[in-house]
Amino acid sequence: MTPEDQEERQPLLRPPGVSVPRSRRVFLAAFAAALGPLSFGFALGYSSPAIPSLQRDAPPAPRLDGDAASWFGAIVTLGAAAGGVLGGWLVDRAGRKLSLLLCTMPFVTGFAVITAAQDVWMLLGGRLLTGVACGIASLVAPVYISEISYPAVRGMLGSCVQLMVVTGILLAYMAGWILEWRWLAVLGCVPPSLMLVLMCCMPETPRFLLTQHKRQEAMAALQFLWGSEQGWEEPSVLEEHQGFHLDQLRQPGIYKPFVIGISLMAFQQLSGINAVMFYAETIFEEANFKASLWAGGPFPGS
């Protein structure tokens, strides 16, 4: 094994053989960031119980017909596509923390617009805004959590991102049992609002601060998150600014996992799972499951 290979195998922030730092603040910071994926999941699941509720409403409340209902569920994906691009730009320029703070704005604004909606266009506009926030949160939250975590808990905390997404979907379905679409949108404002408050008290990631040549602030953030600077190894600045070149895709160690990862994501999306999440209650009702409890429908006899 060459010295270069040995260097690549070393943990990024902790050399081997050093005792693991312990602090509960890193878990609080990870929870604050994971409220973004929770809001993401809630936005995905919101349309399932909201669409039947909107179709039952009588004027002057906005009412969805078949085409509008389809757009109400799907338009969030257009916002998420734009949010993903915007999040990729923000995460390196504004920082991980500020990007998470900024993504709370379209979450809260989008659900507030839905709550105050007087017509279908306001409903679609609110859904589009929440989609933008979903795209930003889905990209930035995993980066923030991975960079604040010490190696012993990095994998566990990283897995919480997807756990919080499905928890948000489940929360939207369960809340849809008892709440109409307006109050369900009000509930959707709670996780991002809590995230905004908590993230204001959390530090920026040490890695990003180092890329901005703020070593003293990076050490203070590390002290806050880990409780100690022991076991921390400063990453190479050269590695931080190393660019990507297309000719690197010729290397089997790069193109094989790249193709596998892209294929898994494509197969997941092409399976139609998003359509099931967006229109779950409608699908169950049209399949003659009148009491579609697990899709956010009403209780039997209600």
Side-chain angles (χ1 to χ4, degrees), residues 13-14 20-43 83 86-87 90-112 129-130 132-165 167-168 171 186-232 234-235:
L13 297 180
R14 179 172 59 90
V20 178
R22 302 292 181 186
S23 174
R24 295 181 179 178
R25 288 176 180 172
V26 70
F27 295 99
L28 179 60
F31 171 75
L35 288 173
L38 179 69
S39 304
F40 175 20
F42 191 94
L86 178 60
L90 281 174
V91 73
D92 286 328
R93 288 163 178 79
R96 285 61 160 149
K97 175 183 175 179
L98 183 56
S99 296
L100 287 172
L101 289 172
L102 290 175
C103 86
T104 63
M105 302 305 178
F107 267 131
V108 175
T109 304
F111 279 120
L129 283 174
T130 58
V132 172
C134 288
I136 299 174
S138 65
L139 187 146
V140 181
V143 175
Y144 182 87
I145 292 174
S146 66
E147 291 188 358
I148 65 171
S149 305
Y150 47 85
V153 299
R154 188 172 296 143
M156 177 186 69
L157 293 180
S159 66
C160 290
V161 173
Q162 186 60 34
L163 176 63
M164 293 297 271
V165 171
T167 300
L171 177 62
V186 172
L187 180 61
C189 295
V190 175
S193 299
L194 180 59
M195 176 184 172
L196 177 63
V197 173
L198 291 178
M199 284 302 302
C200 285
C201 304
M202 298 298 117
E204 180 58 88
T205 68
R207 174 178 289 277
F208 178 77
L209 291 171
L210 284 176
T211 64
Q212 303 300 305
H213 309 290
K214 300 178 179 179
R215 192 176 191 282
Q216 186 174 359
E217 294 181 24
M219 302 306 286
L222 192 70
Q223 181 73 29
F224 177 88
L225 293 166
W226 290 16
S228 171
E229 298 175 8
Q230 180 185 6
W232 183 72
E234 184 173 333

Undergrad: I'd like to check Leu38 versus Thr167 (side-chain heavy atoms, cut-off strictly below 4.5 Å). Are they in contact?
TA: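 With C-beta onward as the side chain, the pair touches.
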Undergrad: For residues Ser138 and Phe40, report the shortest heavy-atom separation together with the two atoms involved.
TA: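 That closest heavy-atom pairing would be CB-CE2, 3.7 Å.
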Undergrad: So, taking the atom named CG in Leu28 and the one named CG in Leu225, what distance separates them when rounded to the nearest 0.5 Å?
TA: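 Leu28 atom CG to Leu225 atom CG measures 9.5 Å (nearest 0.5 Å).
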Undergrad: Out of curiosity, Thr211 OG1 to Asp92 CG, how far, rounded to the nearest 0.5 Å?
TA: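 The CG atom of Asp92 is 8.0 Å from OG1 of Thr211, to the nearest 0.5 Å.
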Undergrad: So do Phe42 and Phe107 actually touch side chain to side chain, heavy atoms under 4.5 Å?
TA: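 They are not in contact (no side-chain heavy atoms under 4.5 Å apart), so the answer is no.
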Undergrad: Nearest 0.5 Å, what's the CG-CE distance between Leu35 and Met164?
TA: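 Here the interatomic distance stands at 5.0 Å.
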Undergrad: Minimum heavy-atom separation for Leu129 to Gly110, with atom names?
TA: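 Shortest heavy-atom separation between Leu129 and Gly110 comes out as CB-CA, 3.8 Å.
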Undergrad: Would a 4.5 Å heavy-atom cut-off, applied to side chains only, mark Phe111 and Val186 as touching?
TA: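 SC-SC contact between Phe111 and Val186 ruled out.
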Undergrad: Would you indicate whether the side-chain heavy atoms of Lys97 and Met199 approach each other to under 4.5 Å?
TA: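 Touching, per the 4.5 Å side-chain cut-off.
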Undergrad: Can we say Arg96 and Glu147 salt-bridge, meaning some charged N sits less than 4.0 Å from an Asp/Glu carboxylate O?
TA: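 Answer for the salt bridge query: yes.
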Undergrad: Any idea which heavy atoms bring Val161 and Pro142 closest together, and the distance?
TA: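 Looks like CG1-CG, 4.0 Å.
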Undergrad: Taking all heavy atoms of Pro206 and all of Ala221, pick out the closest pair and write down the distance.
TA: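 Shortest heavy-atom contact: CG-CB, 4.3 Å.
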Undergrad: Identify the heavy atoms of Phe224 and Cys201 that sit nearest to each other, and give their distance.
TA: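 Nearest pair, atom of Phe224 first, then Cys201: CZ-O, 4.0 Å.
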Undergrad: Walk me through it: do Lys214 and Phe208 pass the test side chain to side chain contact (heavy atoms under 4.5 Å, CB included)?
TA: CA-CA 9 Å; Lys214 300 178 179 179; Phe208 178 77; over 6 Å; no
Undergrad: How long is the straight-line distance from CZ of Arg215 back to CG of Leu222, given to the nearest 0.5 Å?
TA: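 Separation between the atoms: 10.0 Å.
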Undergrad: Less than 4.5 Å apart, any side-chain heavy atom of Val132 and any of Ile136?
TA: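 A side-chain contact exists here, since the closest heavy-atom pair is under 4.5 Å.
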Undergrad: Just verifying a value: how many Å separate Leu100 CG and Leu196 CG, rounded to the nearest 0.5 Å?
TA: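 Reported value, rounded in 0.5 Å steps: 11.0 Å.
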Undergrad: Could you grab the distance from atom CZ of Phe27 to atom CD1 of Ile148, nearest 0.5 Å is fine?
TA: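 Phe27 CZ to Ile148 CD1: 10.0 Å, rounded to 0.5 Å.
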Undergrad: Below 4.5 Å, heavy atoms only, C-beta onward: do Thr104 and Ser193 meet side chain to side chain?
TA: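 Not in contact.
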Undergrad: Considering non-hydrogen atoms only, spot the tightest contact between Met195 and Cys103 and give its length.
TA: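 For Met195 and Cys103, the tightest heavy-atom pair comes out as CE-SG, 3.9 Å.
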Undergrad: Measuring only between side-chain heavy atoms, which start at C-beta, is Leu209 closer than 4.5 Å to Gln216?
TA: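 Side-chain contact under 4.5 Å: no.
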Undergrad: Is any side-chain heavy atom of Leu101 less than 4.5 Å from a side-chain heavy atom of Cys200?
TA: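 Result yes, sub-4.5 Å side-chain heavy-atom pair found.
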